[in-house]
Amino acid sequence: MNTRLVLALVVSGAVALTACGGGTTKDSAGDQTGGATNAAKGDPNAALKEGLKITFLPKQVNNPYFTVAQKGAEQAGTAIKAEVKPTGPSDAAASSQVTYINTAAQQKQDALVISANDANAVAPALKSARQQGLKVVTFDSDAAPDARDVFINQATSNEIAAGQVKLISEAVGGSGEIAILSATPNATNQNAWIEVMKTELAKPEYSGLELVETAYGNDDDQTSFQKTQGLLQAHPNLKGIISPTTVGVAAAARYLSSSEYKGKVQLTGLGTPNQMRKFVQDGTVKSFALWDPSKLGYLATYTAAALASGQITGAEGEKYKAGDLGDYTIGAKGEVVLGPPTVFTKDNIDQFDF
């Protein structure tokens, strides 16, 4: 398999890892207008301000995916001489981030980088924060588009979802019952991917696959472990599981690796190479995918700095430079795509360390 094979065969599809982005802004949060909300224009020649204060707010702290993303954010902060302040809830409940958003605004932070647990639950707080001058960049999982300035999408929903279906189809030989082990029921990115997966599964080439259940592990390791067990007990003919969440796929792999289902029930999803390496090497998992979360955090932080420095406003067509990642252009509804993800197998997984 090509070591840089991407979900949906590279950037030809229109998408964009969250661990974990949530599809296009339309897929993610309706048809609201995203991006710049006033007539102000960015100055691409403006220098990045030094000493910016940027709050980094993941879905939950102590999540391996967001820990890697945070490192990228901090790396960007060092490069641009900004203060990056990580904070966040220990759970991924829909409204758990609201207090942290309000605090960032009260502390007069220059920008907020957030992966939204729920597109609409955080929207009022984000709108209030923006009215107080806070620039808002969502990454991995979008908020309602009119509640932020720019969304950093890891890849498009079509790329991610189509790639997941393709991987599980290959793993199970094109036929059989499959299930999805998702994160939280309200996760913007997860729901966007699941909808596209269902569309993919309706195509003739996947007529042999039957989606029998979608379960939710709430991005909690033990809950995801138990949900995996429950899926296998409820569906004795299950042939494969898709878990498009780094917590879920690792928990499912751990369960399968020490059970009678190892080698009989196939697993794919979105995970980091370091957490999934042993499961690939012992044959529990044939392949899985992800983008580099550190690059996602890096790009989101550079974007926040560009907004706070007046280089961009979030309007479609604006261009800016994101450090070592190079040049980016803001797309429709204030979306920027990192893309594309990589598929990891036994042949290439040792080439990556994150």
Engineer: Check whether any side-chain heavy atom of Val337 sits under 4.5 Å from a side-chain heavy atom of Glu335, and report yes or no.
Structural biologist: yes
Engineer: Mind checking whether Lys295 and Leu325 have side chains closer than 4.5 Å, heavy atoms only?
Structural biologist: yes
Engineer: Go through Asp110 and Lys49 one step at a time and tell me if the salt bridge (Lys or Arg N to Asp or Glu O under 4.0 Å) criterion holds.
Structural biologist: CA-CA 10 Å; Asp110 295 295; Lys49 295 179 180 179; over 6 Å; no
Engineer: Any heavy-atom pair between the side chains of Phe288 and Val280 that's under 4.5 Å?
Structural biologist: yes
Engineer: If you apply the rule salt bridge (Lys or Arg N to Asp or Glu O under 4.0 Å), what do you find for Arg130 with Asp149, and how did you get there?
Structural biologist: CA-CA 9 Å; Arg130 291 178 75 199; Asp149 295 288; 2.9 Å; yes
Engineer: Check whether more than 12 heavy atoms from other residues, nucleotides or ligands sit under 6.0 Å from atom NZ of Lys321, and answer yes or no.
Structural biologist: yes
Engineer: Minimum heavy-atom separation for Gln97 and Ser115, please, with both atom names.
Structural biologist: NE2-O, 2.7 Å
Engineer: How many angstroms lie between CG in Asn218 and OG in Ser224, if you round to the nearest 0.5 Å?
Structural biologist: 7.5 Å
Engineer: So which atom in Gly42 and which in Thr313 form the shortest heavy-atom distance, rounded to 0.1 Å?
Structural biologist: N-CG2, 3.4 Å
Engineer: Can you check side-chain contact (heavy atoms from CB on, under 4.5 Å) on Asp142 and Lys333, steps first, answer last?
Structural biologist: CA-CA 11 Å; Asp142 200 8; Lys333 299 184 181 178; over 6 Å; no
Engineer: Between Glu177 and Asn237, is there a side-chain donor-acceptor contact under 3.5 Å, judged purely by atom types and distance?
Structural biologist: no
Engineer: Of Ile168, Ile180, Leu181, Thr268, which meets side-chain contact (heavy atoms from CB on, under 4.5 Å) against Ile241?
Structural biologist: Leu181
Engineer: Can you name the closest pair of heavy atoms from Val98 and Ala125 and give their distance?
Structural biologist: CG1-CB, 4.0 Å
Engineer: From Leu256 CG over to Leu232 CG, what is the distance, rounded to the nearest 0.5 angstrom?
Structural biologist: 6.0 Å
Engineer: Should Val122 and Asn117 be marked as a side-chain contact (heavy atoms from CB on, under 4.5 Å) after you check the CA-CA gap, both sets of side-chain angles, and the distance that decides it?
Structural biologist: CA-CA 8 Å; Val122 298; Asn117 276 326; 5.7 Å; no
Engineer: Any chain of hydrophobic side-chain contacts (each under 4.5 Å) joining Phe151 to Leu126?
Structural biologist: no
Engineer: How about Ser257 and Lys262: does a side-chain donor come under 3.5 Å of a side-chain acceptor?
Structural biologist: no
Engineer: So do Val249 and Leu267 actually touch side chain to side chain, heavy atoms under 4.5 Å?
Structural biologist: yes
Engineer: Which heavy atom of Ala92 sits nearest a heavy atom of Thr184, and at what distance?
Structural biologist: O-CG2, 3.8 Å
Engineer: Would you please say whether a donor-acceptor pair under 3.5 Å links the side chains of Lys85 and Gln107?
Structural biologist: yes
Engineer: If you measure from OG on Ser128 to CG on Asn102, what distance do you get to the nearest 0.5 Å?
Structural biologist: 6.5 Å
Engineer: Please check if Val61 and Val247 belong to a single hydrophobic cluster, counting links between Ile, Leu, Val, Met, Phe, Trp and Tyr side chain heavy atoms closer than 4.5 Å.
Structural biologist: no
Engineer: Check whether the side chains of Asp219 and Thr245 place a donor and an acceptor atom closer than 3.5 Å, and report yes or no.
Structural biologist: yes
Engineer: Who are the side chain to side chain donor-acceptor pair (under 3.5 Å) partners of Gln226, not counting sequence neighbours?
Structural biologist: none
Engineer: Give me the one residue out of Leu57, Thr55, Val137 that meets side-chain contact (heavy atoms from CB on, under 4.5 Å) with Ile114.
Structural biologist: Leu57
Engineer: Checking side-chain contact (heavy atoms from CB on, under 4.5 Å) for the pair Gln75/Ser294: CA distance, chi angles, key distance, verdict?
Structural biologist: CA-CA 9 Å; Gln75 181 184 2; Ser294 67; 5.6 Å; no
Engineer: If we only count heavy atoms from C-beta on, is the Arg148 to Pro145 side-chain gap below 4.5 Å?
Structural biologist: yes
Engineer: Is there a donor-acceptor contact under 3.5 Å linking the side chains of Thr78 and Glu74?
Structural biologist: no
Engineer: So, the side chain of Tyr65 versus the backbone of Leu270: is there a donor-acceptor pair under 3.5 Å, distance only?
Structural biologist: no
Engineer: Does one side chain, of Asn274 or Asp353, offer a donor that lies under 3.5 Å from an acceptor on the other?
Structural biologist: yes
Engineer: Restricting to non-hydrogen atoms, name the atom on Thr87 and the atom on Pro58 that form the minimum distance, rounded to 0.1 Å.
Structural biologist: O-CD, 3.0 Å
Engineer: Are the side chain of Thr345 and the backbone of Asp347 linked by a donor-acceptor contact shorter than 3.5 Å?
Structural biologist: yes
Engineer: Once you round to the nearest 0.5 Å, how far does CD of Gln281 lie from CD1 of Ile349?
Structural biologist: 7.0 Å
Engineer: Considering only heavy atoms from C-beta outward, does the side chain of Phe354 approach that of Asp292 to under 4.5 Å?
Structural biologist: yes
Engineer: Cluster question for you: counting only ILVMFWY and a side-chain heavy-atom cut-off of under 4.5 Å, with indirect links fine, are Val84 and Leu112 together?
Structural biologist: no
Engineer: Hydrogens and angles aside, do Tyr320 and Thr303 bring a side-chain donor and acceptor to less than 3.5 Å of each other?
Structural biologist: yes
Engineer: Is there a donor-acceptor pair closer than 3.5 Å between any side-chain N or O of Glu195 and the backbone N or O of Asn191?
Structural biologist: no
Engineer: Atom CD in Gln190, atom CE in Met197: separation rounded to 0.5 Å?
Structural biologist: 7.5 Å
Engineer: What I'd like to find out is whether the side chain of Ser169 reaches to under 4.5 Å of the side chain of Ile178, using heavy atoms alone.
Structural biologist: no
Engineer: Shared ILVMFWY cluster between Val285 and Tyr261, side chains joined below 4.5 angstrom?
Structural biologist: yes
Engineer: Is there a donor-acceptor pair under 3.5 Å between the side chain of Lys286 and the backbone N or O of Ala171?
Structural biologist: yes
Engineer: Nearest 0.5 Å please: distance from the CG atom of Asn63 over to the CD atom of Gln60.
Structural biologist: 4.5 Å
Engineer: Can you tell if the side chain of Phe352 reaches within under 4.5 Å of the side chain of Thr342, non-hydrogen atoms only?
Structural biologist: yes
Engineer: Check this for me: Lys127, atom NZ, are more than 12 non-hydrogen atoms of other residues, nucleotides or ligands nearer than 6.0 Å?
Structural biologist: yes
Engineer: Of all residues at least two apart in sequence or in a different chain, which pass the side chain to side chain donor-acceptor pair (under 3.5 Å) check with Ser259?
Structural biologist: none
Engineer: Ignoring hydrogens, what is the shortest heavy-atom contact between Ile80 and Leu48? Give both atom names and the distance.
Structural biologist: CG2-CD1, 3.7 Å
Engineer: ring-ring contact (aromatic ring centres under 6.0 Å, His included): which pairs involve residues 207-237, sequence neighbours left out?
Structural biologist: Phe225-Tyr255
Engineer: Hydrophobic clusters here meaning ILVMFWY residues chained together by side-chain heavy-atom distances under 4.5 Å, can you tell me if Phe279 and Leu231 are in one?
Structural biologist: yes
